[in-house]
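Report on the following structure.
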2 protein chains.
Amino acid sequence: MNTEFATIDTRLPAYARLRDTLTARIARGDWTPETPIPSEARLAREFDVSVGTVRKAVDGLVGEGLLERRQGSGTFVRAPSFNASLFRFFPMRDSDGAPVSIPQSRMLRRTPTTAPAEAEAALGTADVIQISRLRCLTEQPVLFEEIYIPRNRFPGFETLPDTAFGPLLYPVYFEKFGTLVKRATDEVSFDRASPPVAAQLHINPGDPLAVIRRTAFDIEGTAVEWRIASGSAAGFRYRSEIN
Amino acid sequence: MNTEFATIDTRLPAYARLRDTLTARIARGDWTPETPIPSEARLAREFDVSVGTVRKAVDGLVGEGLLERRQGSGTFVRAPSFNASLFRFFPMRDSDGAPVSIPQSRMLRRTPTTAPAEAEAALGTADVIQISRLRCLTEQPVLFEEIYIPRNRFPGFETLPDTAFGPLLYPVYFEKFGTLVKRATDEVSFDRASPPVAAQLHINPGDPLAVIRRTAFDIEGTAVEWRIASGSAAGFRYRSEIN
DNA sequence: TAGTGGTCTAGACCACTAC
DNA sequence: TAGTGGTCTAGACCACTAA
């Protein structure tokens, strides 16, 4: 990636070039969330700008949620991932009001395929890998997900061993493919369960279904994943903040 | 409101005191969106701080969406209201794919009452005014809303003439009561239409319903409105950004 | 105590807008 | 051309953290 400080379009202000350079280094994984990035004074020397300019660049990344300042300690890369789990929209307590046990994910399939129209429109390519997952709470299937990721961005994803996957995919995207999911758009609607989806969720065909379509974007704003997730509409509650 | 610069807790940094002072003046309506606020240099003289400190205060308010800078022209108050209309989550096209015509609101009732438990929990008081509205697209009822606002904050709201209301309530809150809605939380769930709601929406009891519960907050973060809105689940699509 | 980020100053010059 | 915000500097001192 052509994002070294000196090579970035010099029509951009210094703080913007520095911000983009830092973004690239963060995305590349130069720093872990445990070790601080260089101090403001060091960065000022390294890039030959004033500390105030470094502060403005870092301020921008802090505002985006990529960095985190700790007075007296340093500035750190924030552990990735917003609270992205779709689980949180489904009931986490059983009928007695007792909290249900640990969420689990069962990977059903990973295959290269041609994307359906909606996924292609979101991702800008039809050359994708399809991932089917079933997510369960206390052995009960809660959420059925069909996920599409561009093949050129995740080469060999379908051949990874099953043991490479925990309950979340975004850490795998980051650690194995250097893709950091930064934000996403969700679209919630209601439908009736088709026979195959009903079979996966152990409900009856025609039962009301909550459907979440999500497009996820990386730091640069490129769409990197499209998914459609379905669960029983009973007890479903989608929460969101608007500003 | 005790928010003049000199009287604000001096343990706060200067830029924070200035920011809070400006917030109070904006909320009070000292400036319209058409006339610029005083220039950075003027504010620096008025509050006896440096221009850099003024910039930091203004930067914060720009980040919150309260102010807008225009290089060469000045800094302006942003016209209030995020894109808050719940309308946008319902189909805006009829079955032919043609855009439906202008959204309309019909005020059904405004009465002082005791808030239901959910509204009381959100607002911190049960002494409220209840507003019932029906929102229509091309004469078709689309959304039925029950809205609760604290009586002490909106005194006399129930006696305003019907002509005071356009399709949106938030401008009325601001212009008549000085309450600026800044953010809100939504919760989307699924239900079936009760007979009274079904009658309002011209659907059958038991039909699938999309339900949005919203709590709205003012600039200071105080809950100022709770509402529950219901519409047919068919064609409903709730969109949201997550970060 | 040394090093970090947090606040603040008092300038400078530039880019843009409106008159 | 005068006035605005946009960028940038080179300091100062403070508050906090960790060794």
* **Base-pairing mate for dC16(C) - Watson-Crick or G-U, with both contacts under 3.5 Å** =>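 Answer to the pairing question: dG3(D), which forms a Watson-Crick or G-U pair with dC16(C).
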Measure from [atom1] on [X] to [atom2] on [N] and round the result to the nearest Å.
| X | N | atom1 | atom2 | value |
| --- | --- | --- | --- | --- |
| Glu40(A) | dT9(D) | CD | P | 14 Å |
| Arg42(A) | dA2(C) | CZ | P | 18 Å |
| Arg45(B) | dG11(C) | CZ | P | 13 Å |
| Leu43(B) | dT4(D) | CG | P | 11 Å |
| Asp59(B) | dG6(C) | CG | C1' | 15 Å |
| Glu68(A) | dT4(C) | CD | C1' | 15 Å |
| Phe47(B) | dC8(C) | CZ | P | 14 Å |
| Arg55(A) | dT9(C) | CZ | C1' | 14 Å |

* Which class fits the ring pair Phe154(A) and Phe177(A): parallel under 30°, tilted 30 to 60°, perpendicular over 60°? ->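 Perpendicular.
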Distance check: side-chain N/O of [X] vs OP1/OP2 of [N], anything under 4.0 Å?
| X | N | value |
| --- | --- | --- |
| Lys56(A) | dC8(D) | no |
| Ser50(A) | dA10(D) | no |
| Arg69(B) | dG6(D) | yes |

Salt bridge [X]-[Y], side-chain N to carboxylate O under 4.0 Å:
| X | Y | answer |
| --- | --- | --- |
| Glu40(A) | Arg45(A) | no |
| Arg19(A) | Asp59(A) | no |
| Asp218(A) | Lys182(A) | no |

* Asked: From dT9(D), dT4(D), dT7(D), pick the nucleotide closest to the side chain of Ser39(B)?
  ->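 Selected nucleotide (nearest to the side chain): dT4(D).
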* To do: Count the heavy atoms of every other residue, nucleotide or ligand shown that sit under 6.0 Å from CZ of Arg239(B), and state whether that count exceeds 12.
  =>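 For Arg239(B), atom CZ is crowded (more than 12 foreign heavy atoms under 6.0 Å).
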* Asked: Between Arg213(B), Arg227(B), Arg214(B), which is the residue that forms a salt bridge (Lys or Arg N to Asp or Glu O under 4.0 Å) with Glu145(B)?
  ->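 By the salt bridge (Lys or Arg N to Asp or Glu O under 4.0 Å) criterion, Glu145(B) pairs with just one of Arg213(B), Arg227(B), Arg214(B): Arg227(B).
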* To do: Check whether any side-chain heavy atom of Glu187(B) sits under 4.5 Å from a side-chain heavy atom of Thr215(B), and report yes or no.
  =>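 No, their side chains stay 4.5 Å or more apart.
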Which atom pairs link the protein and nucleotides 17-19 of chain D when you take only N or O atoms and keep those under 3.5 Å?
{"from": "dT17(D)", "atom 1": "O3'", "to": "Ser73(A)", "atom 2": "OG", "distance (Å)": "3.1"}

